[in-house]
2 protein chains.
Amino acid sequence: MGSRPAPCGTGAAFSGRESVGVTAASVRKAPKAKAKPKAKPKPKPKRLPPDERERLIVREAVAFFAERGFEGQTRELARRLGITQPLLYRYFPSKEALLDRVYQEVYLNRWNPHWEDILEDRSRPLEDRIVEFYSDYARAVLTYEWIRIFMFSGLRGMDLNGRYLTVVRDRIFARVIRELRFENALPAPSEVPISEAEFELVWSLHASIFYIGIRKWIYGLTIPDDVTAVVVALTTAFIEGVPAVVARLTDASPESRVRAAARRPTP
Amino acid sequence: MGSRPAPCGTGAAFSGRESVGVTAASVRKAPKAKAKPKAKPKPKPKRLPPDERERLIVREAVAFFAERGFEGQTRELARRLGITQPLLYRYFPSKEALLDRVYQEVYLNRWNPHWEDILEDRSRPLEDRIVEFYSDYARAVLTYEWIRIFMFSGLRGMDLNGRYLTVVRDRIFARVIRELRFENALPAPSEVPISEAEFELVWSLHASIFYIGIRKWIYGLTIPDDVTAVVVALTTAFIEGVPAVVARLTDASPESRVRAAARRPTP
DNA sequence: CGGCTAATTTATCTTTTGATAAAACAACAT
DNA sequence: ATGTTGTTTTATCAAAAGATAAATTAGCCG
């Protein structure tokens with residue numbers, strides 16, 4: 001517990017949201033002894049302001065731990081950053097604290113509150129809304145870093161995954177189901193609570209899309225170029241397939257579904 | 001390297017294919033020298049025949065690495081086995097060799113060749129076949145050990161996942177698609193090769209089911225008690241939803257689908 | 001230029017961890 | 001019993017890896 005007059009702490013600055021491409025490291029070179037402009041991997045971009053250094057560390061840490069897992073070693077992370085390993089400890093009191101920051105970075109900052117609006121805009125066909133939402137969700141989440149850190153964190157037993165998915169369930173799944181009910185002229189969730197089976201159906205759509213990311217970034221398989229096209233196809237299949245399942249589950253007669261369809265507002 | 005007159009080697013015995021439910025571990029307790037029935041955690045089950053010891057190690061290693069990941073430490077594994085850590089090295093030349101054995105154990109020995117027969121038994125409705133296959137596949141694969149070791153191995157960059165999934169694609173997906181084509185009176189894969197879009201549709205069913213295991217064993221979420229019921233629902237939705245998508249993809253007119261349906265053998 | 005402040009590095013500690021060699025000892029055959 | 005065989009343990013090594021303290025030096029200010 002020595003005196004450490006430094007930034008440190010886990011909840012430091014980093015509100016600046018600007019461009020991440022800070023690749024333009026201002027070069028220095030010692031005042032004398034030019035040491036020839038050899039293309040040495042030692043450009044010495046030393047001495048940055050603390051908040052910028054911190055941003056660099058966090059950015060690289062996300063990429064690094066996504067690749068190597070949370071057992072990745074601080075020495076290698078430091079090497080990638082072009083700094084020495086002890087310097088990490090000036091900005092984060094422990095590796096665990098750095099990892100906490102990495103979680104924060106990945107889980108937060110990538111949720112788009114607008115998604116919820118898209119889903120409940122009844123001026124558009126539900127299929128369109130779901131397609132737009134999941135296309136954008138895929139764009140945001142089906143990335144190397146997001147998918148792998150999410151999986152590493154789940155395997156490690158963090159409850160972060162559980163908490164994140166609770167949000168997904170309440171904000172997304174529940175809305176999709178509400179809108180599906182509305183389309184099919186079924187009672188609103190406020191009247192008849194959402195059943196486990198309904199959640200399962202939405203889970204299945206979600207899984208199909210998320211699993212594309214797993215295939216690519218965890219299994220290293222090739223996936224279709226046009227993910228949006230797949231989302232469209234899956235959403236179509238989902239919308240078309242749900243009524244058949246719902247019919248079985250609720251044991252509703254085909255006639256009742258026809259009546260329901262008749263009550264549906266024609267778009 | 002030192003003379004080692006021991007079993008060792010990675011491809012040792014254990015070809016016996018018997019039951020996987022080896023839960024009935026041959027009990028411990030030394031034959032004599034009771035050493036007082038104190039509830040001490042030191043039952044001294046020493047000196048087993050090499051192949052039995054090896055089986056015990058592999059069995060525990062699977063459980064251990066599934067829980068802790070491949071960075072789990074040999075000392076803790078040994079502690080769980082009630083043996084000392086160097087003993088592991090009498091049976092496996094390195095940790096890596098033990099891990100290879102663990103992969104083998106999980107990936108092999110759990111594939112049921114009969115699955116392929118189920119899927120192509122045209123005396124039954126396709127929906128039934130898919131339900132039976134995926135119910136059994138889920139029973140075999142949606143386990144703590146399988147799911148987690150598969151994911152750990154993928155994250156580690158092993159190509160085992162890719163190779164396994166190639167088998168799944170060729171043996172399962174291709175069959176499902178062939179049967180779907182047949183049901184819808186479409187050309188066989190031998191005539192018209194399977195498109196990426198068709199594979200995607202089957203991937204989606206597969207993902208929906210596999211993801212149930214991820215939810216439970218990686219995220220720690222609760223899942224429905226009756227997984228088979230979910231498989232039934234998902235398969236129904238799949239079968240019902242596919243034609244709509246296929247229609248879009250192949251841009252086939254509704255009439256052509258009606259004609260196709262007419263040619264379909266009525267079950 | 002001279003000096004102060006603090007970002008960064010060098011040197012080092014301790015614990016962990018995969019791995020090895022040699023001692024110990026249980027089980028079996030003679 | 002007694003010796004032999006080979007399983008298991010004890011003792012130990014060396015490298016890896018998280019963490020800390022002290023030395024160094026870049027950059028700013030007068």
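Keep in mind the model is a prediction, meaning the values are calculated, not measured. Reminder, nothing fancy here: chain letters follow the sequence lines and each chain counts from 1.
One can place CG of L98(A) at 10 Å from P of dA19(D), the figure rounded to the nearest angstrom. If you measure from atom CD1 of I57(A) to atom P of dA7(C), you get 12 Å, rounded to the nearest angstrom. In this structure, the CZ atom of R68(A) is 12 Å from the P atom of dG18(D), given to the nearest Å. Per the geometry, CD belonging to E71(A) stands 11 Å off P belonging to dG18(C), to the nearest Å. Taking atom CZ on R75(A) and atom C1' on dA19(D), their separation rounds to 9 Å, with Å as the unit. dT20(C) atom C1' lies 17 Å from atom OH of Y91(B), rounded to whole Å. In this structure, R90(B) places its CZ atom 9 Å from C1' of dT8(D), rounding to the nearest Å. Taking atom CD1 of I83(B) as the reference point, atom C1' of dG6(D) lies 16 Å away to the nearest angstrom.
Contact check, Y89(A) against dT20(D): no side-chain N or O comes under 4.0 Å of OP1 or OP2.
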Can you give each donor-acceptor pair under 3.5 Å made by side-chain atoms of residues 165-175 of chain A, sequence neighbours left out, with the distance rounded to 0.1 Å?
{"from": "T166(A)", "atom 1": "OG1", "to": "G162(A)", "atom 2": "O", "distance (Å)": "2.8"}
{"from": "R175(A)", "atom 1": "NE", "to": "E120(A)", "atom 2": "OE1", "distance (Å)": "3.0"}
{"from": "R175(A)", "atom 1": "NH1", "to": "R171(A)", "atom 2": "O", "distance (Å)": "3.0"}

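The heavy-atom pair separating R110(A) from E105(A) by the smallest distance is NE-O, 4.4 Å. Heavy-atom minimum distance, I147(A) versus V141(A): CG1-O, 3.5 Å.
Note that CD1 of I57(A) is 4.5 Å distant from CD1 of I83(A), once rounded to the nearest 0.5 Å.
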Below 3.5 Å between N/O atoms, which protein atoms pair up with nucleotides 24-26 of chain C? Just atom names and distances, please.
{"from": "dC25(C)", "atom 1": "O2", "to": "R47(B)", "atom 2": "NH1", "distance (Å)": "3.3"}
{"from": "dA26(C)", "atom 1": "N3", "to": "R47(B)", "atom 2": "NH1", "distance (Å)": "3.0"}

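Not counting sequence neighbours, the partners of Y107(B) by the ring-ring contact (aromatic ring centres under 6.0 Å, His included) test are F150(B).
Using a 4.0 Å heavy-atom cutoff across all strands shown, P86(B) reaches at least one base atom of the nucleic acid.
Electrostatic pairing of E200(B) and R215(A) counts as a salt bridge here, judged by a charged N lying under 4.0 Å from a carboxylate O.
Out of dT10(D), dA19(C), dT9(C), the shortest distance to the side chain of T84(B) is found at dT10(D).
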Margin query: Apply side chain to side chain donor-acceptor pair (under 3.5 Å) to residues Y211(B) and Y219(B) and explain how you reach the verdict.
Written below: CA-CA 10 Å; Y211(B) 208 71; Y219(B) 303 156; 2.9 Å; yes

